[in-house]
Amino acid sequence: MEKQTIISGFQQVDSSEYEYLIQFLENVAAYPIVKESLELQIKLLNLKPGEHVLDVGCGIGIQALEMAKQVNPTGKVTGTDISSVMIEFAKSKASDSDLPLDFFVAEADTQPFPDQTFDAVRTERVLMYIKDTQKVLKEFKRLLKPGGRLVIFDLHWDGTLLSHKDKALTRRIIHYVTDHLPNGNVGTDIYFHLKNNGFKNVEVKPYAYFGNDEILLKIVEKAYIGILQKGISDGVFTETEINNWWKSLYEDVEAGTFYISFPGLIGYGTND
Ligand SMILES: C[S@@+](CC[C@H](N)C(=O)[O-])C[C@H]1O[C@@H](n2cnc3c(N)ncnc32)[C@H](O)[C@@H]1O
C-alpha cells in the first residue's frame, strides 16, 4: 500500500494507509473548535425531527451521527463517501446506535438519489479534494427539495496563519501544501458557487479552526508530513530545513507561543 498524506490520501482512501486517515478524522473531529463549528453548522441547518439529510463526503460518519440526533426518530441522515473503507467504518459505528442512519458509496457529483430527495445537504472538507466544484453544487441543487437548506464548510489553505521564526520558509510551505490539493482555496469561492447556482438567502461566514497547543500541532504535522516529504524528494525543500522548521514549532509549543489558524468558511443557501 502506498504511503499517503492527507492531501492525496483523502482522494483515494481505499488504496491508502486508511487507518492513518481514520485516526486523523477522529483527532480533528474531537478538537474543540471543530466541534463548535459542527454545532454552528447544525444550528444553521435548523434540522427538525422527520427531515431527511444528506452528508456528502461523510468520512467515518461522526457528523452524520450528530445530525441524526436532530431528525430522530422519524427522519433520517444519509451519508455518502467515495471511499468504501470510510462507508464500512461509518456503518459499523452507526450500528452501535439506535439512530436513523444509512450510508452509501458515491461520488460527490453523482449521488444515487432521485431529484428533490433531501430537506438539507451538508458537506465538510470535501470540496478541497475535487476540481469541479460546479458539478458538485449542481448535484446538491438537484437533490434538495424546494426550500431545502445547504451548508458547506471548507478552507482557504493559502491563508493559513502560522506564527514561525522562519517566515519565508513558512510561506513557501503553506503555498506548497495548498498547491498539492486539487482545490485548496475553495473556501474563498463558496459564496460565488452558491450564488452562481441560484441558491437564495446566501450567507458565508468566516470560521477559522485555530489553536495554540501540542494537540493541534500534532494534527498539523499529520496533515503536512507526507506532503513535505514529497517536497524533500522533489528537491523543493531540504531535509534539514524541514526538520528545523518542525523543531522550532515544538519549541514554540514549549514556550507557550505557538499559534496557528486555518481560515475556514461556512456557506449557507436555500433552494428557493
Ligand atoms: C477530510 S475528509 C472529511 C470527512 C468528513 N466530512 C469530516 O468532516 O470528518 C474528506 C472526505 O471526502 C471524501 N472524498 C474525497 N473525494 C471525494 C469525492 N470525489 N466524492 C465523495 N467523497 C469524496 C474522502 O473519502 C473523505 O472521507
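Basis for what follows: all heavy atoms, side chains included, without hydrogens, waters or symmetry-related copies. Throughout, numbering of the chain's residues begins at 1 and tracks the sequence. One-based numbering, in listed order, for ligands and for the atoms of each. Source: prediction; values computed, not measured.
Listed by first and then second residue, the ring-ring contact (aromatic ring centres under 6.0 Å, His included) pairs involving residues 197-233 are Phe153-Tyr209 (not counting sequence neighbours). Sorted by first and then second residue, the pairs that involve residues 256-272 and meet side-chain hydrogen bond (donor to acceptor under 3.5 Å, both in side chains), not counting sequence neighbours, are Lys141-Asn271, Asn201-Thr270, Asn201-Asp272, Thr270-Asp272.
The minimum heavy-atom distance linking Ile82 with Glu107 is given by the pair CD1-OE2, 3.3 Å.
For ligand 1, the protein residues within 4.0 angstrom (heavy atoms only) are Phe10, Val13, Leu25, Gly57, Cys58, Gly59, Gln63, Asp81, Ile82, Ser83, Met86, Ala106, Glu107, Ala108, Glu124, Arg125, Val126, Tyr129, Ile130.
Relative ring orientation between Phe118 and Phe113 is described as perpendicular, the plane-to-plane angle rising above 60° on a 0-90° scale split at 30° and 60°.
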Please report the C-alpha distance between Glu124 and Gln41 in whole Å, then the side-chain angles of each, then the deciding distance to 0.1 Å, and finally whether the side-chain hydrogen bond (donor to acceptor under 3.5 Å, both in side chains) criterion is met.
-> CA-CA 10 Å; Glu124 172 165 354; Gln41 291 171 47; 3.2 Å; yes
Output a table of donor-acceptor pairs, distance under 3.5 Å, between side-chain atoms of residues 230-237 and any protein atom two or more places apart or on a different chain; print 'none' if there are none.
{"from": "Lys230", "atom 1": "NZ", "to": "Asp234", "atom 2": "OD2", "distance (Å)": "2.7"}
{"from": "Ser233", "atom 1": "OG", "to": "Gln229", "atom 2": "O", "distance (Å)": "2.8"}

